[in-house]
Amino acid sequence: AQSVTQLDSHVSVSEGTPVLLRCNYSSSYSPSLFWYVQHPNKGLQLLLKYTSAATLVKGINGFEAEFKKSETSFHLTKPSAHMSDAAEYFCVVSGSFRAEYGNKLVFGAGTILRVKS
Amino acid sequence: DGGITQSPKYLFRKEGQNVTLSCEQNLNHDAMYWYRQDPGQGLRLIYYSQIVNDFQKGDIAEGYSVSREKKESFPLTVTSAQKNPTAFYLCASSIMRNQPQHFGDGTRLSIL
């Protein structure tokens, strides 16, 4: 079975400093991994995706993530935080490769990012 | 613009009442999904549908029902059997397996 662990429920950074949101996954096969962002009372927006191509994935708004198979990690980073980055972030693994299960996603519990001015 | 529309944005349910949440997409996606979001628990899958007239239970289907009569529509009914319905409900769609899902802006359901 697939699972995702987001190691921090809350992260607080100052504006202009780097952001690191940590994610470890468990999968019995080569996974597809995603990071989504959610602003209050809104749906989820895709930041980036890893689907077995380049291990360093660049996303929108200056975010990137590195797939490390040996560490089963997919941490999200950004060099310089902006006030608008304050939101909740979800690390997600594709739950199954079997066609009859469709595109089942397994979500982490989320990390709330706070950006201080 | 293509996207997913959920309505209403806020919904209140009385005891013993069934309520239906609407989800419409114009992305021409075959697959659609319903999730429930509770604080600190991420998203949990309620039901999903890969094609018209077919749907499958997710992890927490009890107390919920769905239909998929049209490709663009996937309504969710929260029945009176769902004893703890207060949550944020998100609808999503995807074009194919292992591709990202696109999400609507959600419906917040509360109990009167």
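Lettering of chains follows the sequences in order, A, B, ..., and the numbering in each one begins at 1.
- Hydrophobic clustering places Leu43(B) together with Tyr36(A) (ILVMFWY residues linked when any side-chain heavy atoms are closer than 4.5 Å, directly or through intermediates).
- When heavy atoms are compared at a cutoff of 4.5 Å, Leu45(B) approaches chain A solely by way of its side chain, counted from C-beta outward.
- Chain A forms more heavy-atom pairs under 4.5 Å with one residue of Lys9(B), Gln6(B), Gln37(B), Arg44(B) than with any other, namely Gln37(B).
- Contact annotation: the side chain of Leu105(A) approaches that of Tyr35(B) to within less than 4.5 Å [non-hydrogen atoms, C-beta and beyond].
- Each of Trp34(B) and Phe107(A) belongs to its own hydrophobic cluster when Ile, Leu, Val, Met, Phe, Trp and Tyr are linked at side-chain heavy-atom distances under 4.5 angstrom.
- Put simply, Leu20(A) and Leu56(A) are part of two different groups of oily side chains (I, L, V, M, F, W, Y) that touch within less than 4.5 Å, one to the next.
- Among Asn41(A), Val92(A), Ile112(A), the residue with the largest count of heavy-atom pairs under 4.5 Å with chain B is Asn41(A).
- Hydrophobic cluster membership differs between Val19(B) and Phe88(B), with clusters built from Ile, Leu, Val, Met, Phe, Trp and Tyr side chains linked at under 4.5 angstrom.
- The parts of Leu44(A) that come within reach of chain B are both its backbone and its side chain, each placing non-hydrogen atoms under 4.5 angstrom from that chain.
- Each of Gln38(A), Gln6(A), Glu88(A) has some count of heavy-atom pairs under 4.5 Å with chain B, and the biggest count is that of Gln38(A).
- Looking at Asp59(B), the atoms closer than 4.5 Å to chain A (heavy atoms on both sides) all sit in the side chain, from C-beta outward.
- Follow the hydrophobic side-chain contacts under 4.5 Å out from Val66(B) and you never reach Ile4(B); the two are in separate clusters.
- Residues Gly43(A) and Leu90(B) share a closest heavy-atom pair of CA-CD2, 3.7 Å.
- Side-chain contact between Phe34(A) and Gln101(B) is absent, with no heavy atoms from C-beta onward closer than 4.5 Å.
- Lys42(A) NZ: 12 or fewer foreign heavy atoms inside a 6.0 Å radius.
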